[in-house]
Amino acid sequence: MGKMIINGKECEFTNEANILEVIRKNGFNVPTFCYRPDLKDAFGACRMCVVEIEGRGIQSSCTMPPQDGLVIYTNSAKVRRIRKTVLELLLANHDRECTTCDKSGSCELQKYAEEYGIKDVTKYVQRKEMRPIDDSSPSIVRDVNKCILCGACVRACNQYHGLQVLGFANRGANTVVQPMAGRALATSECVYCGQCVAVCPTGALTIKLQVDDVWKELNNPNKKVVVQFAPSVRVAIGEMFGLEPGVNSTKKINAALKAIGFDLVFDTNFSADLTIMEEATEFIGRIKNGGKLPLFTSCCPGWVRYLETEYPEMLDHLSTCKSPQGMMGAIIKKFVPEYYPEITNENIVSVSIMPCTAKKAEAIRKEFRREDGTYEIDYVLTTQELGRLIKSAGVDFNALEPINADSPFGKYSGAATIFGVSGGVAEAAARTAYQMVTGEELKDFVITPMRGTNLVKTVELDLKGTKIKVKIVNTLKEAEKCIEEIKAGKADYQLLEVMACPGGCINGGGQPQSCDDLSIREKRAEGLYEDDATDEWRKSHENPEIKELYEKHLEKPGSHLSHELLHTTYSDKWKKLYKNVGND
Amino acid sequence: MTTERQSQINFHKIDEIMASYEYKKSNLIAILQQVQELYTYLPEDAMTFIGTKIEGLSPATVYGVATFYAQFSLEPKGKYKIKVCDGTACHVRGSMSVLNAVKTKLGLGEKRMTTEDGMFSLEIVSCLGACGLAPVVVINDKVYPQMTSDAIGIIIDTIIKEESN
């Protein structure tokens, strides 16, 4: 508690971690590259947030704790001069091919260079050597020529996942941020979650785009392009068109996709309901038959890859259910040709739109390859790419008439839509598992303790005598703690829900950039809970299209055909990465 | 000292080294020094192994430490480790011409600091604390004072001759 004078204004502070937070709360802004409110251990790398403090000289505001009586100037001539020099030095060492850069338009370096009127950087020694771009990974492109060494990606990977895939290497002018020994991302232990991309202020880390590939298919008259989109996309895409975070754009997305030229629009929420049917059945089966517990949810491809590389010995805990994207892919390629005569196995193209960069890698898992060599999902676009697609199609998003998704495979329950937020899968599963175990409908199906932004939540459920404990975590660092708990025999829960991204898919690596405002992910979560609250059906087993699918085709959850289509297998990926390490 | 190659990394031995330092992150530099002692350099697989075994580290962070400090080498050192001092005193007394003589003689350059036959490796060090003898070269702990480009050539020739006998 105390007061500071910022630019002549008396400002109170309470428990802010640093004076930068106080400055921003009081209506002033200070530019930053490396500072992200969610990342702990701000270390003042970029020097953009410097301010002048009476009696203390120039200080980086992100590393300085608030103190009573400080007199701060955020925009003095000296401060501006320093920031300008920082920008000029960064730009002199930067690959300034802005127009062809994926980050153009949303790049913070570009933005501040413009704001500070940087016109000439040639007085400094220019970058000479261009280093190769790493596009080995299916999800993330790494271009060190655009890196300003702010270290946000390094901190994100460490803080969220403890993985530290990226690290600083070498020293001085030769410093680079890279995976172990300059390996390609695809041969590192990266899980492709994209949180490094989400915090990168420049084009050094970007999403691997597939927009042009999808355009090619859309423009091909011999192809029928079928699309699905994930729960969290609907509450974030509006941000790219001036809408508030959390506004539910489901029906606008349906309309936009049709306007762009997709032949059929389905909802991944439908297959989220399907996932619940299969996963709840698997869970109850494991409880009854003494199967491996706790059961791990398998919707998050970052989490799945993490287990496969870091803890392959724990894979038998992982649900065999494909993720909703994977299930929808299988359903599309199997059943759409049956329902729509103009679509055949030969002309169908399956596209999915996800909040997630890791979904791109999931789609090309060898387990999802079909006999004819194609994949169940042909292309995966992120929410950001959907925004680009809509913009480049010249579609006025806000003027679109809302329409429904195609049916069947387009209807969903409220249980499905909350898949996009940490705790949602567990809540959805509880609603259906209760019915499956007791034969009765769960009355209080809004399970508040499963909601909220905590990284760890533990909830006990009573399925009329069958007591179940559920643990919900987000970030892989928390997940790792659970694994150690289980290994030590200290885990007393039967279900573990894991989402790799902090907050869940609403904050996925493919969502519109939001790392400077923590309220955005909360609003997106509220948007999904609001969607749930207003849906006609609230439980997966109530979805009439799900009932129909089982009646007509799959027979029952866990049936032979269900297993063939909707379940998958996993494999040890550590050995593939570092085959010699640890073996004498 | 035994020289082992990447293909023959003894992970058991590296594990023993880490155990002797209680698998502590804060002991990383000491661990790397010991591993370098064993192999004359830090093999990539050894760094990966250390990064995976020690809590709070990753292969990339171990690599970061290894490439930050000049004392660590990522390529195998030669049987004869030539250290040319380029501290202030040695520098003004002509250490650069000695250094260049070694480079020319052994065909070493910017990136490559170890001869292909693994016989010699070259290192530039900042100060050996023998400024009175400048310029100084040390080969496998033996000090050669007041070097010239001719003298270092003769010394290397002598070593090659001894080795070929």
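Within every chain, numbering begins at 1; the chains are lettered A, B, ... in the order of the sequence lines, protein sequences first and strands thereafter.
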Item to check | Distance, nearest 0.5 Å, that separates OH of B/Y63 from CG of A/N170 | outcome: 6.0 Å
Item to check | More than 12 heavy atoms from other groups under 6.0 Å of NZ on A/K477 | outcome: yes
Next on the checklist: So for atom CZ, which belongs to A/F43, do other residues, nucleotides or ligands contribute more than 12 heavy atoms lying within a distance under 6.0 Å?
Outcome noted: yes
Next on the checklist: Taking CZ in B/R93 as the centre, count heavy atoms belonging to other residues, nucleotides or ligands within less than 6.0 Å. Is the count above 12?
Outcome noted: no
Checklist entry - Where do B/P59 and A/E189 come nearest, in terms of heavy atoms and distance? => result CD-OE2, 3.3 Å
Checklist entry - Minimum heavy-atom separation for A/Q164 to B/G56, with atom names? => result NE2-O, 2.9 Å
Checklist entry - Under a 4.5 Å heavy-atom cut-off, does chain A meet the side chain of B/L57, its backbone, both or neither? => result backbone
Checklist entry - Counting heavy atoms not belonging to B/K24, are there more than 12 under 6.0 Å from its NZ? => result no
Checklist entry - Is it the case that more than 12 heavy atoms not belonging to B/D117 sit under 6.0 Å from its CG atom? => result yes
Checklist entry - With respect to chain B, which residue among A/M180, A/E310, A/Q178 yields the maximal number of heavy-atom pairs within a distance under 4.5 Å? => result A/M180
Next on the checklist: Which atoms of B/A66 are under 4.5 Å from chain A, going by heavy atoms: the side chain, the backbone, both sets, or neither?
Outcome noted: neither
Checklist entry - Do you know which of A/A169, A/A181, A/P179 has the most heavy-atom pairs with chain B at a distance under 4.5 angstrom? => result A/A181
